Trainee: 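I'd like to ask some things about the structure below.
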Amino acid sequence: MAHAHTHADVAYLQAKRNAYQFVTTQHWADAARGLSELSGDRRFAANDWLSLAIANVHAGALSAATDAARRTLTHDPVNLRALQVLTISLLEQHRWPEAAEVFEQQRDNAEAQASFDFLVNQGTTMWHLRRHHEALDAFLRAMAINVCDASLHLRLGLVLKDMKDYCSAAESFLTTVALQPSRLSARLMAIHMRQYACDWRGFDASCADAIEAMQQLDPSSGEAGEGATFALLGIPHPPELFKFVAQQAAVFHTGHITPLPPQKRARDAAGRIRIGYLSCDFHHHATSQLFVEALERRNTRDFEVTLYSYGTDDHTAMQHRVRAACEHLVDMRAMDTRTMAQRIHADGIDVLVELKGHTQDSRLPVLAYRAAPVQVSFLGFPATTGMRCIDYFIGDAITTPLSHAAHYTECIAQMPHCYQPNDSQRARPAPSDRLQWGLPEHALVLGCFNQSFKLTPETFGAWMHILQAVPNAVLWLLHDNPQATANLRREATRHGIDPERLIFAPKASVSDHLARLPLADLMLDNWPCNAHTTASDALWMGVPLATVIGETFASRVAASLLTSVGLDPLVFADAPAYEAGVIGLLQQPERLQAMRDHLAQGRSTFPLFDGGRFAHDLESLYRRMVERSRAGLSPQALAAVG
């Protein structure tokens, strides 16, 4: 027996040496495999569990890393390195509530509370859980340890942004730039925050400087990747620059991902095309509000739909409608991006449609794994993603004319009418009363309910010129935040307009908001980032909208919407034409009323509000994509048909 025991010991020690040799040489998958095979032995100690956890993190086996780190902590509950591995693996899997429990359990661990990395991860977790005050506290304590960390100031800025303290957020982003001048995304975010606050001091110069700096970047650096794309939407810029910055973001988010191997897919027994939609917005959100009827009225004989959801359950009627409209829902909230991609890949999805783009909480890296043979960007982000792994970008002849192909890394795929779906089943409440909203009974009311970051000095200046020319008009805006409201009143005064002619509407429920829209005589659009959902809301409620069409997708959306309802005369080429056109229209009340009558009478026949037609057109587009893919042909631009 003793001899056998000795042989077992020798074999164990040799296997352990071999496994640790892989650790030393950073062959992480081999190290994880070797250590895992030994983990059932009673001699496998706390440090071995920690080594296994670290190897699994590096090998991308995050769930296994989590389990191994927890085993380490059963032996040594305050082991800081094990805590770091555990929390990092949980963060990578987006298992935020579990990570929060770990941080809460370690409140009395002095070593952890003195660790910069531990506090940064804690703040990041609380930010993702929308526990902003706790995130702020963790980041400030981390700052007391290392005030010179540029990334920390950037994270702090993101928390302050979500807390709507936009001026402080701008200062945090500018501090990031001061500490790390190459962090151009932070410079853009500072401009973006000041736009939220409508603080336009030095706006033109700041934009010009940021654009010039971005144009000089190394294309492969990824330095403009963090948040720069969304911030750039609201800043006047050349379209080719957006593509360049989006490509930087693609490098930043997906540069180290190796695609999954191509997999021969078994066709659906009924011959159906499998469509997968990836988003966190399958609940009471603008994306679902727009898209729900198109899902409900789709062709279930030829298409099978799976929702890949990593968003919250809000148990609203909208959530139930969206989910009831599709065959399958896969809850991906606790999955890391690789596991998400593997699941989509295994499901044999033919077309994976990404609905978020470069917006907060996006999981764009999933597509870098090439989870489906055809990958599409649609609806959630009004610009190119910059990702070569995404084959198509769905637009229409106005938002994405084929002549703009050079501005996209994806191939343009055009819908025959407007790219934007709408829900004809939604409420159309009776108009509310002007007095209820503090509006003068007999004034001309010009409305704009877009978020404040979409406003620019040029747009606002045009509005002020209109108010100067039409003395009985008032401007009805959304009270987005107190900083913006105060600054807009100050700007009105600077333009010689009584700030009392600016009336601010509070946030309201969807039904109350729709009911108040008809109180406006005309909606005024902004540029370079147009009204999108807010524009179709106005048209649905019978209110015309005036817009300026630009060269980017985001600046062409309102033009597409107006064209699809037969109001293209309200699409203007530039700010002077817009001002003159709006002033002329307000001086011809019968013409304005005719436009309102046109919207009221045609609502049931416009393509914009026909969910069944939209579903058919979208599926026709998907079918064309799949036919090319199955024929072994590369993606190409798909012009509108019909």
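FYI, side chains are in, hydrogens and waters are out, and symmetry mates aren't considered; it's all heavy atoms of this structure. In this chain, numbering begins with 1 at the start of the sequence shown. Quick caveat, the model's predicted, so the values are computed rather than measured.
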Trainee: Distance check, rounded to the nearest 0.5 Å: M193 atom CE versus M189 atom CE?
Mentor: 4.0 Å
Trainee: Using side-chain heavy atoms (C-beta onward) and a distance below 4.5 Å, is Q84 in contact with S115?
Mentor: yes
Trainee: Quick check: does any side chain N or O of E327 sit under 3.5 Å from a backbone N or O of V305, one acting as donor and the other as acceptor?
Mentor: yes
Trainee: I394 versus V353: any side-chain heavy-atom pair under 4.5 Å?
Mentor: no
Trainee: Take F173 and L188 through the side-chain contact (heavy atoms from CB on, under 4.5 Å) test and state the conclusion after the steps.
Mentor: CA-CA 9 Å; F173 292 125; L188 273 180; over 6 Å; no
Trainee: Return the minimal non-hydrogen interatomic distance between A53 and A65, and the atom names on each side.
Mentor: O-CB, 3.5 Å
Trainee: Does R107, at its CZ atom, have more than 12 non-hydrogen atoms belonging to other residues, nucleotides or ligands within less than 6.0 Å?
Mentor: no
Trainee: So Y196 and Y166, would you call those rings parallel, tilted or perpendicular, with 30° and 60° as cut-offs?
Mentor: parallel
Trainee: Any chance you could measure S629, atom OG, to D391, atom CG, to the nearest 0.5 Å?
Mentor: 7.5 Å
Trainee: Measuring from atom CZ of F453 to atom CG of N481, what distance do you get when rounded to the nearest 0.5 angstrom?
Mentor: 12.5 Å
Trainee: Is R43 salt-bridged to D41, going by a charged N under 4.0 Å from an acidic O?
Mentor: yes
Trainee: Can you tell me if S452 uses its side chain to pair, donor with acceptor, with the backbone of C198 under 3.5 Å?
Mentor: no
Trainee: Over 60° means perpendicular and under 30° means parallel, so classify the ring planes of F118 and F103, tilted if in between.
Mentor: perpendicular
Trainee: Are E410 and K243 close enough for a salt bridge, meaning some N to O gap below 4.0 Å?
Mentor: no
Trainee: Mind running salt bridge (Lys or Arg N to Asp or Glu O under 4.0 Å) on D336 and R338 for me, showing each step along the way?
Mentor: CA-CA 6 Å; D336 62 272; R338 181 178 175 83; over 6 Å; no
Trainee: Quick one: pull up CD1 in I145 and CG in L119 and give me the separation to the nearest 0.5 Å.
Mentor: 5.0 Å
Trainee: Is the Y408 ring parallel, tilted or perpendicular to the F393 ring (thresholds 30°, 60°)?
Mentor: tilted
Trainee: Tell me if the CG atom of D313 is crowded by more than 12 foreign heavy atoms within 6.0 Å.
Mentor: yes
Trainee: Applying ring-ring contact (aromatic ring centres under 6.0 Å, His included), run through F242 and H407 and close with a yes or a no.
Mentor: CA-CA 8 Å; F242 196 98; H407 302 157; over 10 Å; no
Trainee: Whether D137 and R131 form a salt bridge (side-chain N of Lys/Arg under 4.0 Å from carboxylate O of Asp/Glu) is what I want to check.
Mentor: no
Trainee: Scan side-chain atoms only and decide if T66 and Q93 contain a donor-acceptor pair under the 3.5 Å cut-off.
Mentor: yes
Trainee: Using only atom types and a distance under 3.5 Å, with no angle test, would you say the side chain of T359 pairs donor to acceptor with the backbone of K356?
Mentor: yes
Trainee: Ion pair present between R71 and D67, side-chain N to carboxylate O less than 4.0 angstrom?
Mentor: no
Trainee: Quick check: does any side chain N or O of Q113 sit under 3.5 Å from a backbone N or O of Q106, one acting as donor and the other as acceptor?
Mentor: yes
Trainee: Taking the side chain from D281 and the backbone from T287, do they hold a donor-acceptor pair closer than 3.5 Å?
Mentor: no
Trainee: So, are D149 and R155 salt-bridged, with charged N and O less than 4.0 Å apart?
Mentor: no
Trainee: State the OG1-NE2 distance between T312 and H285, to the nearest 0.5 angstrom.
Mentor: 12.0 Å
Trainee: So do the side chains of F44 and L35 get within less than 4.5 Å of each other, counting heavy atoms only?
Mentor: yes
Trainee: Hey, is the main chain of T385 close enough, under 3.5 Å, to the side chain of H358 for a donor-acceptor pair?
Mentor: yes
Trainee: With no hydrogens and no angle check, is any side-chain donor or acceptor of Q14 less than 3.5 Å from a backbone partner on V10?
Mentor: no
Trainee: Would you check if the side chain of E354 reaches a backbone N or O of G357 as a donor-acceptor pair within less than 3.5 Å?
Mentor: yes
Trainee: In plain terms, say whether R81 and D76 are close enough for a salt bridge, that is, a side-chain N and a carboxylate O under 4.0 Å apart.
Mentor: no
Trainee: Determine whether a donor-acceptor pair (N or O, by modelled atom type, separation under 3.5 Å) exists between the side chain of R17 and the backbone of Y20.
Mentor: no
Trainee: Between R201 and S206, do the side chains contain a donor N or O and an acceptor N or O under 3.5 Å apart?
Mentor: no
Trainee: Parallel, tilted or perpendicular, judged at 30° and 60°: which one describes the rings of W96 and H128?
Mentor: parallel
Trainee: For the residue pair F291 and F378, categorise the inter-ring angle as parallel (less than 30°), tilted (30 to 60°) or perpendicular (more than 60°).
Mentor: perpendicular
Trainee: Go through the side-chain N and O atoms of D314 and T316 and say whether any donor and acceptor fall under 3.5 Å apart.
Mentor: yes
Trainee: Report yes or no: does T337 contribute a side-chain atom to a donor-acceptor pair with the main-chain N or O of V366 at less than 3.5 Å?
Mentor: no
Trainee: Is the closest basic N to carboxylate O distance between K16 and D48 below 4.0 Å?
Mentor: yes
Trainee: Are D361 and R130 close enough for a salt bridge, meaning some N to O gap below 4.0 Å?
Mentor: yes
Trainee: Test the R343-Y308 pair against the cation-pi criterion, namely NZ or CZ under 6.0 angstrom from the six-membered ring centroid and within 45° of the ring axis.
Mentor: no
